[in-house]
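Every number for a ligand or one of its atoms is a count from 1 in the order of the listing.
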Amino acid sequence: HSRSLERQFNERIERDEKIEPKDWMPEKYRKTHIRQISQHAHSEIVGMLPEGNWITRAPSLRRKVALLAKVQDEAGHGLYLYSACETLGISRDELYEQLHTGKAKYSSIFNYPALTWADMGAIGWLVDGAAIINQVPLCNTSYGPYARAMIRVCKEESFHQRQGFEIMLKLANGTQEQKEMAQDALNRWWWPSLMMLGPTDDKSVHTEQSMKWKLKRKTNDELRQQFIDQTVPQADVLGLTIPDPDLKWNEERKSYDFGKIDWDEFWQVVKGHGPMNKERMKARVGAWERGEWVRDAAMAHAEKKQARKEK
Ligand code: FAQ
């Protein structure tokens with residue numbers, strides 16, 4: 001019986017039908033979706049921290065308004081994704097618990113510090129740029145709630161990316177010191193942005209199955225190449241130099257060849273030993289603990305209301 005259910009399920013995937021929360025699905029499909037969607041949600045929430053750090057120091061009111069809106073969007077993406085994840089039968093409390101105990105991962109990129117205002121430019125340009133490349137194919141992912149969430153998320157990410165690029169453009173055309181700040185931010189965020197798209201395909205344990213289930217529509221290496229090919233001409237427009245001496249146009253492949261990525265650094269960060277891992281977790285766990293009285297008060301209020309209704 002379950003084998004025929006599985007066959008029907010695979011045929012639905014084959015026909016590009018969306019799988020919905022109450023549909024039958026293999027347990028492993030459910031589990032790997034909870035893993036990826038929750039990691040994605042956690043990344044949005046932890047991803048608010050490096051930029052949140054600069055809201056009070058934005059150089060003008062207009063910059064502040066834009067940055068504030070961007071960080072609020074990230075909160076919205078996180079909540080949207082947690083809701084999509086909950087449709088797979090896991091509670092919000094369990095998801096938070098997994099993040100706070102280190103059981104669930106979040107994107108490596110948010111374990112680097114945002115040191116100067118130029119980092120707000122580099123994050124929007126590169127990190128949101130990489131996020132869009134990764135997320136546009138996910139608008140076509142097989143699980144309905146995830147696919148629909150991605151449509152709105154991608155529209156907002158596109159504003160975020162432009163916001164960042166415009167900060168870079170302004171700095172790159174500013175004083176010598178401003179241009180140096182922009183170059184320095186590019187130097188620090190370039191390699192982590194490439195790593196953000198995940199390990200190389202031969203080291204990626206989930207890609208093969210996730211491609212079959214159409215959870216992933218492109219592999220990590222395909223997305224990375226696409227990101228590089230799209231971003232190098234943008235660096236030219238800015239007049240900045242990508243910090244990779246081996247970067248070179250390959251006429252035959254119609255793509256850029258690029259230098260070696262430091263995968264040891266990536267795995268160190270993923271395992272919790274990046275420059276900001278401890279601080280990021282401390283901020284999240286602290287926020288959860290400081291919010292306890294609010295949750296308790298809300299529950300007590302709801303219970304009182306319910307009791308009054310039952311009288
Ligand atoms: N960081 O077999 P694979 C954003 C883990 S965008 C940490 O290749 P998969 C917007 C992976 O989980 C950022 N861990 O895994 C924003 C697995 O470990 P596990 C979030 C990583 O899932 C912008 C192991 O390595 N975007 O937040 C990373 O097939 C600016 C083996 O890897 C998404 O999450 C990493 N970078 O492919 C917000 C998009 N890469 O789980 C604020 C959705 C891999 O077995 C400011 N996710 N690992 O313990 C995906 O597309 C995929 O999950 C990948 C990884 C491509 C990230």
Is it the side chain, the backbone, both or neither of Asn134 that has a heavy atom closer than 4.0 Å to ligand 1?
-> side chain
Does Arg152 make a cation-pi contact with Tyr80 (under 6.0 Å, within 45 degrees of the axis)?
-> yes
Contacting atoms of ligand 1, where contact means under 4.0 angstrom from a heavy atom of Lys70 | 30 (C), 46 (C)
Answer side chain, backbone, both or neither: which part of Val269 comes under 4.0 Å from ligand 1, heavy atoms only.
-> neither
The single option from Asp257, Ile228, Thr241 that satisfies side chain to side chain contact (heavy atoms under 4.5 Å, CB included) with Leu247 is Ile228
If you measure from each non-hydrogen atom of Tyr106 to ligand 1, which part falls under 4.0 Å: side chain, backbone, both or neither?
-> backbone
Around atom NZ of Lys18, are there more than 12 heavy atoms of other residues, nucleotides or ligands at under 6.0 Å?
-> yes
Check the side chains of Glu222 and Gln226 for a donor-acceptor pair under 3.5 angstrom, ignoring hydrogens and angles.
-> no
Which class fits the ring pair His100 and Tyr96: parallel under 30°, tilted 30 to 60°, perpendicular over 60°?
-> parallel
Looking at ligand 1, does any of its N/O atoms fall within less than 3.5 Å of an N/O of Glu157?
-> no
Any non-hydrogen atom of Met48 lying under 4.0 Å from ligand 1?
-> no
Under 3.5 Å, is there a donor-acceptor pair between the Thr32 and Arg35 side chains?
-> yes
Interatomic spacing from OH in Tyr143 to CG in Asp23 - rounded to 0.5 Å = 8.5 Å
Counting only heavy atoms, which portion of Lys105 has something under 4.0 Å from ligand 1: side chain, backbone, both, or neither?
-> side chain
How does Arg35 reach ligand 1, if at all, at less than 4.0 Å between non-hydrogen atoms: by side chain, backbone, both, or neither?
-> side chain
Looking only at heavy atoms of His77, does any of them come nearer than 4.0 Å to an atom of ligand 1?
-> no
For ligand 1, indicate whether the residue Gln36 contacts it via side chain, backbone, both or neither (heavy-atom separation under 4.0 Å).
-> side chain
Say whether Ser204, considering both its backbone and side-chain N or O atoms, lies within less than 3.5 Å of an N or O atom on ligand 1.
-> yes
Do we see a donor-acceptor contact under 3.5 Å between the side chains of Gln135 and His40?
-> yes
Sub-3.5 Å N/O-N/O distance, Phe266 and ligand 1 | no
Check Glu74 against ligand 1 and report side chain, backbone, both or neither, counting heavy atoms closer than 4.0 Å.
-> side chain
Using a 4.0 Å heavy-atom threshold (strictly under), name the region of Met150 that reaches ligand 1: side chain, backbone, both or neither.
-> neither
Residue pair Glu180, Gln176: steps toward the side chain to side chain donor-acceptor pair (under 3.5 Å) verdict = CA-CA 6 Å; Glu180 279 163 18; Gln176 189 56 29; 3.3 Å; yes
Gap between atom CG of Leu81 and atom CD of Glu86 - 0.5 Å precision | 11.5 Å
Is any heavy atom of the protein nearer than 4.0 Å to atom 43 (C) of ligand 1?
-> yes
Among the heavy atoms of Pro199, does any lie under 4.0 Å from an atom of ligand 1?
-> yes
Should Ser210 be counted as touching ligand 1, given the test is an N or O pair under 3.5 Å?
-> no
Using a 4.0 Å heavy-atom threshold (strictly under), name the region of Val205 that reaches ligand 1: side chain, backbone, both or neither.
-> both
With distance as the sole criterion, is a donor-acceptor pair present between the side chains of Thr200 and Asp202 under 3.5 Å?
-> yes
Atoms of ligand 1 under 4.0 Å from any heavy atom of Tyr146, numbered from 1 in the order shown, are 43 (C)
Are any of the N or O atoms of Ser108 closer than 3.5 Å to those of ligand 1?
-> yes
Could you give the distance from OH (Tyr106) to CZ (Arg280), rounded to the nearest 0.5 Å?
-> 7.5 Å
If you measure from each heavy atom of Lys203 to ligand 1, is any distance below 4.0 Å?
-> no
Which residue holds the protein heavy atom closest to atom 55 (C) of ligand 1, what is that atom called, and what is the gap in Å?
-> Lys216 NZ, 4.2 Å
